[in-house]
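Taking it in order: structure first as structure tokens, then the write-up.
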Amino acid sequence: MDFKFTPENLERINAEIKKYPKKQSAVMAALYIAQEQNGYITTEVMKEIADILDMHPHDVLGVVTFYTMYHQKPMGKYHIQVCTNVSCMLRGGYDIWNQIKDKLGIDNMQVTQDGKFSLEEVECMGSCGTAPMFAINEDYFENLTKEKVNEILDSLKNTN
Amino acid sequence: MEKIVLPDIKDFHKLEVYLQHGGYSAAKKAFGQSSDDIIDQVKRSGLRGRGGAAFLTGLKWSFMPKTTDKPKYLCVNGDESEPGSFKDRQIFEYNPHQLIEGIIITCYAIGAKVAYIYIRGEYHKWIKLMQKALDDAYAAGYVGEKMKEKFGTDFYCDIYIHKGAGAYICGEESALMNSIEGKRGYPRVKPPFPAQNGLWGCPTTINNVETITNVPPIINKGWEWFASIGEPKHPGTILFGVSGHVNKPGVYELPSGTLLTDIIYNYAGGVPGNKKILCVIPGGSSMPPLRGDQIEGVKMDAESLKAAGSAIGTGGIMVMDEDTDLVKVLARIAHFYHHESCGQCTPCREGTGWLEKILKRLIAGKGSVSDLDLLITVANQIEGNTICALGEAAAWPVKFMVERFRDYFEQRVSKEISLPVANKVHSMRHTAIPVEEIKH
């Protein structure tokens with residue numbers, strides 16, 4: 001299955017390339033754009049990015065596997081990232097983690113059957129002063145309580 | 001007390017408000033002086049890096065070669081991934097223009113035409129806020145080629161944001177440069193140092209976001225003013241992030257040298273339920289933990305903390321009350337460094353894994369007193385034997401927590417397993433004890 005960037009996304013990648021003296025520096029941005037368009041990073045995506053940035057596909061793969069925010073398999077529509085690092089742990093981060101695991105019936109890096117939710121245990125997100133927290137896709141939800149977590153998850157369950 | 005980095009001014013993040021309060025006047029003033037003068041003023045101010053190592057900023061700038069055919073670069077480190085640190089995001093949100101102004105002054109001082117602000121990928125919101133401020137600054141002519149006209153100088157520079165993608169190690173300066181180059185975030189062997197051989201092999205300076213944000217006020221109000229704030233050897237204010245078991249967690253900007261107990265009990269409102277403090281990590285999870293009975297009289301600056309047996313780090317203060325399970329906390333810390341080890345150096349890649357395994361064995365009640373010695377042995381074998389400081393970051397919390405809370409840890413060990421050979425690391429493979437019990 002071939003992968004091609006949409007013309008708009010290609011434009012965005014070209015704008016990223018202009019920030020640097022060498023094309024390769026745009027690889028992280030290109031991967032984000034690809035993930036946004038395709039949902040996850042496939043071999044074809046890496047080949048296409050390698051072509052655009054004059055890289056070897058293996059070097060693109062090296063970048064994909066090094067950074068935790070690139071996914072090589074589809075994640076849920078709502079990707080829930082729960083911090084359990086020390087500052088969150090001290091304020092109930094693991095309670096939140098277990099609550100979500102039980103509620104959704106999935107474990108770390110798993111996706112619910114309907115493809116709606118996925119779960120990831122993440123390292124410190126810089127929310128220590130507003131712990132415990134999770135992020136759903138790009139948004140932070142802070143100072144969480146059991147009730148708040150239920151409320152957020154229920155409201156998302158009811159969306160399409 | 002005057003706040004330098006996060007002033008209490010409404011809408012200070014907006015360009016027009018920033019300008020009303022003298023914004024970009026420090027840059028104007030700086031461009032009227034020689035770059036050497038600027039470096040000299042920052043040197044005399046005593047400003048030290050706020051990213052962890054507390055290195056003298058002016059001295060770092062002076063390492064940049066004066067004569068070179070190569071382009072020079074500035075990297076602004078906003079990777080902010082140290083557990084317990086959440087200060088840079090406040091700057092992106094509440095004071096982005098002072099950061100931008102600091103960047104253009106720094107670029108002028110070191111002769112860089114391009115600066116990259118490296119922001120961790122998870123900070124989507126703060127990247128957008130920072131980009132908005134940057135766009136406004138560009139449009140108004142405070143950044144980019146229009147600077148020439150705006151400031152009436154020959155100098156101009158460009159600023160770009162580089163978004164990370166989830167890797168703690170990219171906060172290490174050479175890993176950060178590799179990441180900007182579009183590579184895996186592997187730290188580089190030093191020397192050569194970035195000032196000689198940095199981004200794309202060119203002279204590069206890397207400074208923390210908070211460090212750079214201190215620069216405009218130093219230029220505007222003079223180095224004498226800055227040097228007079230707080231502790232003379234580590235002057236200025238520091239953004240202290242207080243988290244864990246306190247009533248009012250948050251970021252507090254206070255003069256360096258403020259008492260740790262003052263920060264915890266007065267500013268952060270003390271410990272919930274008036275419980276006693278068991279342990280405090282004063283500078284983010286990489287720094288040596290202090291016992292609750294060691295924090296009295298400890299001042300929060302690089303020199304005082306060193307004397308107290310820890311380090312200032314990023315100023316992230318993690319407070320743990322008397323009911324905290326320290327073994328679990330330490331195992332969580334060990335898991336973090338194991339997860340974030342880039343894997344280049346064997347002592348770190350393998351050692352962090354062993355630290356985590358041994359600590360998890362203690363949690364499972366299958367540990368022994370000799371495991372405590374083993375933890376220290378493994379930590380000692382990581383420390384000093386790696387390319388970058390992640391080795392120390394992984395080793396210190398384990399080594400110092402086990403040493404300083406020896407009695408506590410010994411109580412948690414349920415049964416004695418003494419290993420038959422003196423060299424405990426190697427004996428793991430040739431022991432009479434069933435492997436299952438050890439591996440747990």
Side-chain angles (χ1 to χ4, degrees), chain A residues 15-33 35 49 53-55 59-71 81 83-91 93-94 120-133 135 137-140 142-143, chain B residues 71 80-89 114 116 120-126 128 158 160-170 179-186 199-200 202 241-245 248-251 281 285 316 318-321 324 328-329 332-333 335-336 339-340 342:
Chain A
E16 287 291 334
I17 291 172
K18 288 196 187 106
K19 287 162 70 172
Y20 311 96
K22 291 194 175 164
K23 278 182 166 184
Q24 181 173 347
S25 290
V27 66
M28 291 174 73
L31 283 166
Y32 271 124
I33 294 166
Q35 191 157 279
I49 290 177
L53 300 179
D54 297 334
M55 290 171 73
D59 290 330
V60 181
L61 174 67
V63 171
V64 171
T65 53
F66 191 84
Y67 300 93
T68 56
M69 290 173 70
Y70 302 123
H71 302 298
Q81 305 138 66
C83 174
T84 59
N85 208 302
V86 178
S87 296
C88 278
M89 175 188 186
L90 294 172
R91 297 180 81 89
Y94 275 104
E120 183 179 2
E121 183 180 5
V122 292
E123 295 303 344
C124 185
M125 299 277 274
S127 244
C128 321
T130 40
M133 67 82 69
N137 300 339
E138 298 192 352
D139 300 316
Y140 278 35
E142 305 178 299
N143 291 314
Chain B
E80 184 149 88
S81 305
E82 174 80 3
S85 311
F86 48 104
K87 62 188 181 69
D88 296 342
R89 66 180 254 195
V114 177
Y116 296 101
R120 64 179 300 178
E122 293 88 344
Y123 277 5
H124 305 277
K125 172 183 161 185
W126 293 275
K128 282 178 194 151
D158 283 302
Y160 303 109
I161 294 174
H162 187 94
K163 185 178 182 179
Y168 167 71
I169 192 60
C170 289
S179 186
I180 292 178
E181 289 184 16
K183 299 170 183 162
R184 288 165 80 84
Y186 283 147
L199 263 182
W200 302 288
C202 302
V242 194
S243 65
H245 295 142
K248 291 190 287 177
V251 171
I281 306 182
S285 73
M318 299 157 116
V319 181
M320 294 162 230
D321 71 21
T324 310
K328 282 188 179 163
V329 168
R332 186 64 186 83
I333 292 176
H335 170 76
F336 172 73
H339 183 259
E340 300 299 337
C342 81

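Computed from a prediction, not measured in an experiment: that's the story for all the values here.
- Contact record, Y67(A) with A167(B): CD2-CB, 3.8 Å, taken as the closest heavy-atom pair.
- For N85(A), the parts lying under 4.5 angstrom from a heavy atom of chain B are both the backbone and the side chain.
- Using a 4.0 Å cut-off between charged side-chain N and carboxylate O, E142(A) and R89(B) make a salt bridge.
- For a residue to count as touching a neighbouring chain, one of its non-hydrogen atoms must lie under 4.5 Å from one of that chain's; by this rule Q35(A) does not touch chain B.
- In this structure, CZ in R120(B) is found 8.5 Å from CE in M69(A), a value given to the nearest 0.5 Å.
- For K248(B), no part lies under 4.5 angstrom from a heavy atom of chain A.
- With hydrogens and angles disregarded, a donor-acceptor distance shorter than 3.5 Å links the side chain of R91(A) to the backbone of G244(B).
- Side-chain contact between T84(A) and F336(B): absent, with no pair of heavy atoms (C-beta onward) separated by less than 4.5 Å.
- Atom CG of L90(A) is separated from atom CE of M320(B) by 5.5 Å, given to the nearest 0.5 angstrom.
- For K125(B) and Y140(A), the positive end is not near the middle of the six-membered ring at less than 6.0 Å and at most 45° from its axis.
- Residues C128(A) and S85(B) come closest through the heavy atom pair SG-N, 3.9 Å.
- The structure places SG of C170(B) at 6.0 Å from CE of M28(A), a figure rounded to the nearest 0.5 Å.
- Counting heavy atoms from C-beta outward, Y123(B) and E138(A) have side chains that stay 4.5 Å or more apart.
- Proximity of a side-chain donor or acceptor of E122(B) to a complementary backbone N or O of M125(A) within less than 3.5 Å is not detected.
- The closest donor-acceptor contact from the side chain of Y116(B) to the backbone of K19(A) lies under 3.5 Å.
- When G185(B), G164(B), G121(B) are compared by the number of non-hydrogen pairs under 4.5 Å with chain A, G185(B) comes out ahead.
- With values rounded to the nearest 0.5 angstrom, T68(A) atom OG1 is found 14.5 Å from Y168(B) atom OH.
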Subject >> Residues E181(B), Q24(A); criterion side-chain contact (heavy atoms from CB on, under 4.5 Å); working and verdict >> reply: CA-CA 7 Å; E181(B) 289 184 16; Q24(A) 181 173 347; over 6 Å; no
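- Using a 4.5 Å cut-off between heavy atoms, V319(B) touches chain A through its backbone atoms (N, CA, C, O) alone.
- Atom OG1 of T324(B) is separated from atom CE of M89(A) by 9.0 Å, given to the nearest 0.5 angstrom.
- Using a 4.0 Å cut-off between charged side-chain N and carboxylate O, E16(A) and K163(B) make no salt bridge.
- S81(B) approaches C124(A) most closely through the heavy-atom pair O-CB, 4.2 Å.
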Original post:
Going through the distances and angles, do Y94(A) and R332(B) end up as a side-chain contact (heavy atoms from CB on, under 4.5 Å)?
Top reply: CA-CA 11 Å; Y94(A) 275 104; R332(B) 186 64 186 83; 3.0 Å; yes
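- Heavy atoms closer than 4.5 Å to chain A are found in the side chain of E340(B), but not in its backbone.
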Subject >> Test ring pair (Phe, Tyr, Trp, His ring centres under 6.0 Å) applied to Y186(B) and F66(A), step by step >> reply: CA-CA 9 Å; Y186(B) 283 147; F66(A) 191 84; 5.6 Å; yes
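- The contact between V122(A) and chain B is made entirely by backbone atoms, counting heavy-atom distances below 4.5 Å.
- Between chain B and the residues A29(A), S127(A), A135(A), the most heavy-atom pairs under 4.5 angstrom are made by S127(A).
- In this structure, the side chain of S25(A) engages the main chain of I180(B) through a donor-acceptor pair within 3.5 Å.
- Contact between S243(B) and G129(A) at its shortest, heavy atoms only, is CB-N, 4.5 Å.
- Counting all heavy atoms, side chain and backbone alike, R184(B) lies closest to T65(A) at NH1-OG1, 3.0 Å.
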